[in-house]
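Structure first, commentary second.
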Amino acid sequence: NQGIYTGDAIKEGVMQLIYQVSPEDTPLLNLIGSGRATNVKHEWLTRTRGARAGSAGVTDAVPPGDDVSGSNLADFLNVARPSRDVNYCEIFRQLIYIDETTAAMNHHGINDLMGDQIDFRATDFAITIENACFNGTQNAGPATASATTAWQMGGFASEITTNTRDEGGAGSLTEAEFNTELDDAWVNGAKPQDLFSGPFVRGVLNAYAGGTVTKYLETREKAVFNTVDVYESSTQNLFLHLSRDINNTAGSADLYIIDRTFCRIMWLREPFIEKLPRTRGADMARLEGQCTLEFGDESAHIEITDILA
């Protein structure tokens with residue numbers, strides 16, 4: 001008779017543990033490095049080498065100190081000058097508000113409510129940065145002191161302009177077409193090795209017969225990834241990473257292949273947690289930081305969009 005084991009004076013049995021299913025993974029942030037920015041407008045230098053060629057027209061150049069005129073003058077003035085690229089440091093912020101009544105109550109599975117909420121929002125903080133790295137659009141910020149326009153970083157979707165392919169939501173991305181993109185990038189000097197996509201595109205790649213997809217444990221750069229998929233192409237091996245921040249619907253599915261050695265998160269203000277003054281009896285805190293994505297030369301990366309099959 002269960003009735004004898006119930007009553008107002010009997011304490012309910014609730015496990016002091018919270019099971020949480022959340023899309024918390026940030027594969028890109030886990031992969032690339034970080035550095036220090038010194039201005040909201042973060043700039044870096046890039047330089048491109050010309051096509052490979054023989055020495056015709058160079059071996060007979062006039063030695064330094066001799067007369068440099070005519071056609072030889074152009075050889076001496078052809079300095080390989082770098083150019084600037086830019087991205088903007090975006091402010092990322094998570095606010096925490098716990099009213100006095102909520103704080104006064106007992107909570108199953110939570111001993112420190114403020115600490116619990118800070119941990120929870122810290123994950124949101126990282127997820128927001130990861131999403132901006134793929135989907136952000138550059139915004140130079142406020143033009144005047146009274147303007148409210150925010151600084152925004154540009155992500156791969158808007159910054160990759162050279163090695164791009166748009167499937168247009170029709171037809172199939174064949175293995176031959178996929179490898180053509182890899183080959184063209186390689187010919188131009190790019191060596192991207194990390195492919196990010198959703199599970200739909202992963203299924204497309206798994207169906208390819210020419211290349212091979214294998215699993216192994218990677219310990220390169222002291223980073224360990226359990227059963228990372230690897231696609232072996234004619235020019236390079238690609239490490240495949242599932243991302244929740246990339247379009248994953250047939251007809252609009254995308255993939256990005258990046259060179260991790262060109263990419264860093266650059267912090268103008270590193271993340272900090274600050275307790276704010278109590279307002280109307282509520283405890284408040286904020287988690288904030290300001291950073292941007294440095295992606296090196298955008299031609300080091302590949303973007304393929306609107307994949308149907």
Test item: [X] and [Y] side chains (from C-beta on) under 4.5 Å apart, heavy atoms:
X    : Y    : answer
T164 : I304 : no
Q152 : T137 : no
I129 : C291 : yes
I98  : Q117 : yes
W267 : S34  : yes
R286 : L276 : yes
R121 : L95  : no
L182 : I302 : yes

So for atom [atom1], which belongs to [X], do other residues, nucleotides or ligands contribute more than 12 heavy atoms lying within a distance under 6.0 Å?
X    : atom1 : answer
W186 : CH2   : no
R278 : CZ    : yes
N106 : CG    : no

For residues [X] and [Y], report the shortest heavy-atom separation together with the two atoms involved.
X    : Y    : answer
Y88  : K41  : CE2-CG, 3.7 Å
E43  : V86  : CG-CG2, 3.9 Å
P271 : L287 : CB-CD1, 4.5 Å
C89  : L268 : SG-CB, 3.9 Å
A300 : P192 : O-CB, 3.5 Å

Enter the distance from [X]:[atom1] to [Y]:[atom2] here, rounded to the nearest 0.5 Å.
X    : Y    : atom1 : atom2 : value
I110 : D116 : CD1   : CG    : 4.0 Å
N247 : S197 : CG    : OG    : 11.5 Å
M284 : E274 : CE    : CD    : 10.5 Å
L195 : L205 : CG    : CG    : 6.0 Å
N206 : D229 : CG    : CG    : 6.0 Å
T123 : I127 : OG1   : CD1   : 6.0 Å

Has [X] got a side-chain atom pairing as donor or acceptor with [Y]'s backbone, closer than 3.5 angstrom?
X    : Y    : result
D112 : G115 : yes
S158 : G136 : yes
D297 : S299 : yes
N179 : E175 : yes
T26  : L29  : no
N135 : A157 : no
R202 : L240 : yes
Q193 : L238 : no
E159 : N87  : no

Between [Y] and [X], is the closest basic N to carboxylate O distance under 4.0 Å?
X    : Y    : value
R165 : E303 : no
E270 : R36  : no
D194 : R260 : yes

Treating Ile, Leu, Val, Met, Phe, Trp and Tyr as nodes and any side-chain heavy-atom pair under 4.5 angstrom as an edge, say whether [X] and [Y] lie in one connected cluster.
X    : Y    : answer
I273 : F125 : yes
F92  : L293 : yes
L242 : F196 : no
I265 : W151 : no
I160 : I32  : yes

Check the side chains of [Y] and [X] for a donor-acceptor pair under 3.5 angstrom, ignoring hydrogens and angles.
X    : Y    : value
Y231 : Q236 : no
T292 : E90  : no
N163 : H301 : no
T305 : E167 : no
N131 : T128 : no
D183 : S234 : yes

**Message:** Which residue is it: D245, L28, I258? I am looking for the one with a side chain to side chain contact (heavy atoms under 4.5 Å, CB included) to C133.
**Reply:**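 Option passing the side chain to side chain contact (heavy atoms under 4.5 Å, CB included) with C133: L28.
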**Message:** Pair T180, F178 - check side chain to side chain contact (heavy atoms under 4.5 Å, CB included), show working.
**Reply:** CA-CA 5 Å; T180 295; F178 178 68; over 6 Å; no
**Message:** Are W44 and F295 an aromatic pair, judged by ring center distance below 6.0 Å?
**Reply:**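 Centroid separation for F295 and W44: below 6.0 Å.
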**Request:** Let me see the working for C263 and L31 under side chain to side chain contact (heavy atoms under 4.5 Å, CB included), right down to the final yes or no.
**Result:** CA-CA 9 Å; C263 301; L31 194 69; over 6 Å; no
**Asked** Given E288 and R269, is the side chain to side chain contact (heavy atoms under 4.5 Å, CB included) satisfied, shown in steps?
**Response** CA-CA 8 Å; E288 186 170 307; R269 294 186 295 132; 2.9 Å; yes
**Asked** Should V201 and N248 be marked as a side chain to side chain contact (heavy atoms under 4.5 Å, CB included) after you check the CA-CA gap, both sets of side-chain angles, and the distance that decides it?
**Response** CA-CA 7 Å; V201 171; N248 187 51; 5.6 Å; no
